[in-house]
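Below is one structure, written out as structure tokens; comments come after it.
Just so you know, residue 1 is the first one in the sequence shown, and it goes up from there.
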Amino acid sequence: VPPVSQMQRLPEKTLRIEWAGSPGLFVLQIADRIELWDMRVPRCIRVLCTRFKGYDFRAQDGELYLLYPKKLTVVQGVLKA
């Protein structure tokens with residue numbers, strides 16, 4: 001863990017952070033977008049979902065699970081740098 005003076009702020013409108021299963025990689029919900037971030041840098045690696053209208057998401061075993069009221073979407077192979 002870096003000293004407080006070296007810590008970076010999260011992007012504005014960040015609502016949630018989920019570990020992506022690999023060192024330094026995290027899935028961030030920023031407003032209605034879901035993005036994969038490398039927090040060692042920190043920088044966005046890719047946008048995973050541009051208009052997330054679901055109620056939850058999970059990163060597990062290299063896959064992203066997007067939960068909606070009446071469906072579950074599994075996005076495979078997107079949680080790698």
Side-chain angles (χ1 to χ4, degrees):
V1 177
V4 173
S5 63
Q6 293 180 358
M7 289 188 177
Q8 302 286 328
R9 289 192 174 267
L10 292 173
E12 197 171 315
K13 298 186 181 181
T14 298
L15 301 174
R16 182 162 166 220
I17 300 174
E18 174 99 7
W19 182 53
S22 297
L25 297 184
F26 290 84
V27 179
L28 278 66
Q29 180 179 0
I30 303 171
D32 64 349
R33 288 186 326 273
I34 306 290
E35 300 179 358
L36 180 63
W37 277 67
D38 184 344
M39 296 307 261
R40 296 168 291 195
V41 177
R43 68 178 175 91
C44 177
I45 296 172
R46 71 178 60 93
V47 176
L48 305 173
C49 180
T50 56
R51 291 191 178 105
F52 181 60
K53 301 297 183 193
Y55 64 88
D56 199 6
F57 67 89
R58 294 279 186 255
Q60 182 176 334
D61 300 326
E63 298 176 341
L64 179 65
Y65 296 83
L66 303 172
L67 289 84
Y68 298 90
K70 294 188 178 188
K71 73 175 182 175
L72 166 68
T73 301
V74 180
V75 185
Q76 298 177 333
V78 295
L79 301 181
K80 297 178 182 173

Does one hydrophobic cluster hold both Ile17 and Leu64, with members joined at side-chain heavy-atom distances below 4.5 Å?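 Cluster IDs for Ile17 and Leu64 differ.
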Identify whether Val41 and Ile45 are in the same connected component of the hydrophobic contact network (ILVMFWY, side-chain heavy atoms under 4.5 Å).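 Different hydrophobic clusters.
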From Tyr65 atom OH to Gln76 atom CD, the distance as rounded to the nearest 0.5 Å: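 Those atoms lie 8.0 Å apart.
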Does Arg16 reach the main-chain N or O of Val27 with its side chain, forming a donor-acceptor pair under 3.5 Å?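 Checking the backbone N and O of Val27 against the side chain of Arg16, no donor-acceptor pair under 3.5 Å is found.
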Given 3.5 Å as the limit, does a donor-acceptor pair link the side chain of Glu18 with the main chain of Ala20, or not?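 No, Glu18 side chain to Ala20 backbone: no donor-acceptor pair under 3.5 Å.
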Is there a side-chain contact between [X] and [Y] in this structure, where contact means two heavy atoms from C-beta onward sitting under 4.5 Å apart?
X     : Y     : value
Leu36 : Val78 : no
Leu79 : Asp61 : no
Trp37 : Ile30 : yes
Arg40 : Leu25 : yes

Can you establish whether the number of heavy atoms outside Arg51 located under 6.0 Å from its atom CZ is more than 12?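 Counting neighbours around CZ of Arg51, 12 or fewer heavy atoms of other residues, nucleotides or ligands fall under 6.0 Å, so no.
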Of the non-hydrogen atoms in [X] and [Y], which two are nearest, and what is the gap between them?
X     : Y     : value
Phe57 : Leu67 : CA-CD1, 4.1 Å
Lys80 : Arg46 : O-NH1, 2.9 Å
Met39 : Leu10 : CE-CD2, 3.6 Å
Phe52 : Gln29 : CD2-NE2, 3.8 Å

